[in-house]
Amino acid sequence: MSEKPIAEGGASYAAAGVDIEAGDRAVELMKEWVKKAQRPEVLGGLGGFAGLFDASALKNYERPLLASATDGVGTKVDIARQLGVYDSIGHDLVAMVMDDIVVCGAEPLFMTDYICVGKVHPERVAAIVKGIAEGCVLAGCALVGGETAEHPGLLGEDDFDVAGAGTGVVEADRLLGADRIRTGDAVIAMASSGLHSNGYSLVRHVLLNQAGLALDAHIEELSRTLGEELLEPTKIYSLDCLALMRTTEVHAFSHITGGGLAANLARVVPDELHAIVDRSTWTPAPIFDLVGRTGSVERLELEKTLNMGVGMIAIVPQESVDVALATLADRGVDAWVAGEITDRGEHPTGAALIGDYAS
C-alpha cells in the first residue's frame, strides 16, 4: 500500500488550521474591553489560567449562598454570523446567564465565557468580548476570564458559538422562591426588548426558510430591517431586580426564556398555588405577530416558544405594587400588573394565561 507523502518540514498546528498568532492578537484586542467589566474584588489581569475573585468580600454576609448558572444564546448566533455583526451577541449571553442568577435574589459577581470558532478572526472575537464586557457592566458583574477555541474542520471559517457561566451571592435569609409566595400576591410583568435569545430555530425556520425574507429587508410593521429586529439585544434585568429588592418586598422572580411565560412562571409557584396572567394587560411587539401570522403558528405554540413581550416577572405582595412599579419606572423599565396568585383549586398547572392580547 502506498503512503501519502509527508509535507516538507512535517505537519504543524497551523497547517491543521489552528492559528496561535491570531489567537494571541485576539487576546490583545479584547483586553481593553475586559478592563471595563471589573469589580474591586477582582485580582490579577487577563491572561492567567484562572480568574481570581477576592471572596473575603463575602465576610459581610452572615450566611452567603453562592448562585451559579450557565447558558448560551442558541441559534441567534447564526443571525449575527450572516449579518457580520458581532458586538451585540455577547450582551445576549450575559443576559441569559445573569438574569437567571438574579431570580433567586442573588447579586451577580463574576462571569466567564467560552467562544468557539471555526477560524480565529481577531477583530471578530474582540467584538464578541466587547459585547460580553458591556453586558457585564449592565449586570453589575465582572468578566474575570474566558476561553477562545478554534475548531477547524468541525466549524466553517465564519461559524462560531458562545457560552458563559456566572456566579452570584445572596444572603440565606433573603433567598427568593416559591416558599415566599402567598395567595393574593401580584404578578408584575417587565417588558422584553423583543425576542431575546430563545425560539430562534422557529423564527429562522418561519421567516427565513419558509417565507424567504431577507435579513436586510425593511419590514414596515417593524419600522426597521428584519436583521436589526432579530439582533435586538436581550434586556438585562439584574440591577432592576436588585433595586426592587432594596426598595420593597419581593417574593419571587421568574426569567421568561425557553418554554415561555406560563412554563417559566410555574417553576417558582408552589404546588398549592396558581398564577393567573391576563393577556389583555399588554400588547406583544409586532415581531411576535409577524412570526405567528407568517408561519401560521398556533398561539399555544408561540407562547411556549417565545416570551411574547414579557422578559421578567416579579411576584410581590399587593401592598408592594405601587412602590415596585414606581421603582421600575424610575429605572426606565416598562412594567405592569399582569395577574395574581390564587389557590390551586382545579387548575392542572402552576400558571396559566387567560383572555386575549390587547390590540
Side-chain angles (χ1 to χ4, degrees), residues 88 91-92 94-96 98-108 134-141 168 170 174 176 180-182 184-197 222-224 229 232-257 260-262 264-265 268-269 275-288 306-341 351 353-355 357-359:
S88 64
H91 182 122
D92 295 294
V94 176
M96 297 306 293
M98 289 306 177
D99 284 345
D100 274 356
I101 283 177
V102 80
V103 161
C104 67
E107 175 191 358
E134 291 174 339
C136 284
V137 171
L138 293 174
C141 67
V170 60
R174 301 203 68 194
L176 303 183
R180 292 179 178 262
I181 297 176
R182 300 290 183 267
D185 281 355
V187 175
I188 294 179
M190 301 180 218
S192 69
S193 56
L195 294 170
H196 284 185
S197 299
L222 302 178
S223 299
R224 56 178 170 177
E229 178 71 31
E232 179 66 34
T234 305
K235 169 72 175 170
I236 297 176
Y237 301 94
S238 304
L239 296 183
D240 304 314
C241 292
L242 294 176
L244 276 186
M245 292 180 64
R246 289 193 301 270
T247 57
T248 194
E249 184 178 355
V250 178
H251 289 167
F253 290 115
S254 179
H255 186 196
I256 311 306
T257 58
L261 202 163
N264 281 284
L265 184 52
V268 299
V269 176
I276 298 177
V277 175
D278 187 352
R279 299 183 184 95
S280 69
T281 59
W282 82 96
T283 304
I287 184 61
F288 299 101
L306 307 178
N307 66 60
M308 299 305 292
V310 178
M312 181 71 77
I313 289 287
I315 299 176
V316 305
Q318 287 291 339
E319 57 269 25
S320 294
V321 168
D322 289 344
V323 174
L325 292 178
T327 298
L328 292 171
D330 287 344
R331 298 184 59 83
V333 179
D334 182 16
W336 63 95
V337 175
E340 65 176 338
I341 302 298
L353 306 183
I354 63 170
Y357 293 111
S359 58

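FYI, side chains are in, hydrogens and waters are out, and symmetry mates aren't considered; it's all heavy atoms of this structure.
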Query raised in the report: Can you check side-chain contact (heavy atoms from CB on, under 4.5 Å) on His255 and Asn264, steps first, answer last?
Result: CA-CA 7 Å; His255 186 196; Asn264 281 284; over 6 Å; no

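Defined by atom type and a distance below 3.5 Å, a donor-acceptor pair is present between the side-chain atoms of Ser238 and Asp99.
At a threshold of 4.5 Å between non-hydrogen side-chain atoms, the residues Phe253 and Leu176 count as touching. Contact annotation: the side chain of Thr327 never approaches that of Thr248 to less than 4.5 Å [non-hydrogen atoms, C-beta and beyond]. Here the side chains of Leu138 and Leu239 are not in contact, with every heavy-atom distance at 4.5 Å or above. Residues Leu265 and Ile315 have side chains in contact (heavy-atom distance under 4.5 Å, counting atoms from C-beta outward). Contact annotation: the side chain of Glu232 never approaches that of Leu195 to less than 4.5 Å [non-hydrogen atoms, C-beta and beyond]. When side chains are defined from C-beta on, Leu353 does not count as touching Met308, because their heavy atoms never get closer than 4.5 Å. Within the 4.5 Å cutoff, the side chain of Val337 has no heavy atoms near those of the Thr281 side chain.
Remark: Leu244 CG to Tyr237 OH distance equals 12.5 Å, nearest 0.5 Å. One finds the CG atom of Asp334 at 11.0 Å from the CE atom of Met190 (value rounded to the nearest 0.5 Å). To the nearest 0.5 angstrom, Thr234 atom OG1 is 14.5 Å from Met98 atom CE. Taking CD1 of Ile188 as the start and CE of Met312 as the end, the distance is 13.0 Å to the nearest 0.5 Å. Going from atom NE2 of His251 over to atom CE of Met245 covers 11.0 Å, rounded to the nearest 0.5 Å.
Checking side-chain atoms of Ser193 against main-chain N and O of Lys235 turns up a donor-acceptor pair under 3.5 Å. At least one donor-acceptor pair closer than 3.5 Å links the side chain of Gln318 to the backbone N or O of Gly184. Within the 3.5 Å criterion, the main-chain N or O of Ala243 finds no donor-acceptor partner in the side chain of Arg331.
Between Ala106 and Leu242, the closest heavy-atom pair is O-CD2, 3.9 Å. Of all the heavy atoms in Leu328 and Ala335, the pair that sits closest is CD1-CB, 3.5 Å. Residues Val102 and Cys241 approach most closely at CG2-CB, 3.8 Å, considering heavy atoms. Between Gly311 and His196, the closest heavy-atom pair is CA-CE1, 3.8 Å. Between Val170 and Cys104, the closest heavy-atom pair is CG2-O, 4.1 Å. In plain terms, the two heavy atoms of Met96 and Thr257 that are nearest each other are CE-CG2, 3.8 Å.
The list of ring pair (Phe, Tyr, Trp, His ring centres under 6.0 Å) pairs with a residue in residues 315-337, not counting sequence neighbours, reads Trp282-Trp336.
Just one of Ile341, Ile181, Asp185 meets the side-chain contact (heavy atoms from CB on, under 4.5 Å) condition when paired with Pro317; it is Asp185.
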